[in-house]
Amino acid sequence: MASGPIHLWARVGAARAERAEGRSGARSGAGKRARRSGAEPGLDNVIKPRRKLSTFDKYEAHVRLYLVPLLGAKRLESLGVADVRRFLVRLEKETTAATAKESHRVLRSALASACREELIARNVAKLVESPRTDKPELHPWTLDETLDFLAASRKDPLYAAFVLAIAMGLRRGEIVGLRWSDLDLDNRVLYVRHQVQRRRGVLYDDHPKSRRRRAVPLPALCIAPLRWHRLRQADARAKAGERWQESDYVFATRTGRPVEPRNLYRSFTRVAQSAGLRVIRLHDARHGTATLLTAAGVAPRVVMEILGH
């Protein structure tokens with residue numbers, strides 16, 4: 001039976017299981033059953049424990065939508081450079097260069113796993129150049145626009161979140177996932193340890209992007225908004241009474257639950273529109289961070305620490 005790339009992770013998972021159980025040979029009964037089972041079991045066993053859920057979902061989608069339909073009939077052992085190149089050219093024509101580039105990354109990762117388990121001798125996907133993609137043009141706010149937004153959002157319940165997004169360049173999930181235990185306001189330090197994401201209809205805690213937990217200096221302009229926010233939250237907790245769910249989240253709903261990541265962006269765009277400003281992505285607000293901090297008198301070395309350079 002053909003054993004193409006769609007069965008790759010299943011074969012890698014079977015090989016690992018055989019080694020763990022003291023059995024040898026990639027063509028044992030377990031390996032044959034894995035080859036018949038398709039990509040999903042291997043993804044669960046090999047990719048899921050090592051990758052974030054968002055990455056796992058992305059891998060699964062590319063395997064199901066592109067790798068299986070276009071490469072599923074090809075034997076893994078006979079997959080060559082020309083096959084990968086034809087796959088990428090076709091996929092780029094049928095979708096986009098960005099999609100083809102991402103599928104290339106998934107295939108490259110799969111073949112790397114197979115090489116580590118000695119199922120194949122070389123990773124042919126590494127020998128093929130990825131499709132080129134154009135970086136989208138960024139149009140962040142000017143310093144004046146940023147200051148206008150901060151002035152307009154001062155009375156918003158999520159004002160402190162907007163300050164952290166703009167003044168520190170934190171990502172949406174990192175802001176929503178922030179706990180009070182991650183903040184040392186007296187020593188002006190913020191610890192990025194979590195992010196909150198919604199996947200498959202469920203809010204869940206995850207590692208920060210690239211699993212980088214880090215401590216960053218907290219600029220003085222963030223301190224007062226956070227202290228005021230803590231007072232507001234204490235008042236909300238008192239009003240909620242027994243309905244309050246203690247969770248330590250800095251940004252919580254009226255009952256203590258974490259704020260939906262998409263609701264943070266909705267509030268961001270609502271304030272921007274009400275102030276007559278261009279609506280930009282919350283993520284793009286990060287690109288004005290250095291300008292704002294420099295204008296606020298933050299030392300260049302500290303700016304570099306905050307931005308992670």
Side-chain angles (χ1 to χ4, degrees), residues 138-197 205-233 248-252 258-269 271-272 275 277 280-309:
L138 298 176
H139 301 284
W141 283 332
T142 63
L143 179 58
D144 286 341
E145 287 175 313
T146 299
L147 295 176
D148 286 344
F149 174 83
L150 291 174
S153 63
R154 193 173 297 274
K155 293 183 179 180
D156 192 275
L158 290 173
Y159 172 64
F162 301 148
V163 173
L164 291 176
I166 293 172
M168 299 196 65
L170 294 185
R171 295 172 176 84
R172 181 175 63 175
E174 292 171 345
I175 294 171
V176 175
L178 195 65
R179 272 82 158 174
W180 288 112
S181 56
D182 298 327
L183 291 170
D184 184 347
L185 298 183
D186 293 331
N187 293 308
R188 289 170 46 181
V189 179
L190 183 149
Y191 299 91
V192 180
R193 296 173 173 140
H194 326 267
Q195 65 171 325
V196 169
Q197 299 284 354
D205 289 323
D206 203 349
H207 298 285
K209 186 176 177 65
S210 303
R211 298 183 183 269
R212 284 184 58 226
R213 298 187 177 190
R214 59 197 189 276
V216 289
L218 198 57
L221 61 92
C222 297
I223 302 299
L226 285 167
R227 291 192 189 281
W228 275 109
H229 184 76
R230 187 159 57 184
L231 291 174
R232 286 177 176 174
Q233 190 176 88
D248 197 40
Y249 284 108
V250 174
F251 303 104
V259 170
E260 286 276 354
R262 64 172 177 258
N263 287 345
L264 176 61
Y265 180 63
R266 286 171 179 167
S267 295
F268 177 80
T269 57
V271 173
L277 295 169
I280 63 173
R281 298 186 308 164
L282 182 62
H283 188 74
D284 290 345
R286 304 173 65 235
H287 297 283
T289 297
T291 303
L292 178 66
L293 294 178
T294 302
V298 179
R301 177 184 58 80
V302 178
V303 172
M304 292 179 69
E305 282 187 65
I306 292 172
L307 295 178
H309 297 310

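None of these values were measured; they are calculated from a predicted model. Heavy atoms only: backbone and side chains are in, while hydrogens, waters and symmetry mates are out.
Scored by the salt bridge (charged side-chain N to carboxylate O under 4.0 Å, His left out) test, R179 finds D205 as partners (sequence neighbours excluded). By the ring-ring contact (aromatic ring centres under 6.0 Å, His included) test, Y249 is found to be paired with no residue, residues two or more places apart in sequence or in another chain being considered. Every residue was checked against the salt bridge (charged side-chain N to carboxylate O under 4.0 Å, His left out) condition with D248, not counting sequence neighbours, and none meets it. By the salt bridge (charged side-chain N to carboxylate O under 4.0 Å, His left out) test, R227 pairs with D186, sequence neighbours left out.
Screening residues 138-149 for salt bridge (charged side-chain N to carboxylate O under 4.0 Å, His left out), with sequence neighbours left out, gives E145-R278. Residue pairs meeting the salt bridge (charged side-chain N to carboxylate O under 4.0 Å, His left out) criterion with at least one member in residues 151-164, sequence neighbours excluded: D156-R270.
The side-chain heavy atoms of L164 and F251, taken from C-beta on, include a pair separated by under 4.5 Å.
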* Test side chain to side chain contact (heavy atoms under 4.5 Å, CB included) on L158 and F268 and set out the steps. => CA-CA 9 Å; L158 290 173; F268 177 80; over 6 Å; no

* To do: Given side chain to side chain contact (heavy atoms under 4.5 Å, CB included), test Q233 with V250 step by step and report yes or no.
  => CA-CA 8 Å; Q233 190 176 88; V250 174; 5.5 Å; no

* Asked: Can you list the steps and then say if I175 with V259 is a side chain to side chain contact (heavy atoms under 4.5 Å, CB included)?
  -> CA-CA 10 Å; I175 294 171; V259 170; over 6 Å; no

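With values rounded to the nearest 0.5 angstrom, L218 atom CG is found 6.5 Å from L185 atom CG. Annotation: the span from L282 atom CG to F162 atom CZ amounts to 8.0 Å, rounded to 0.5 Å.
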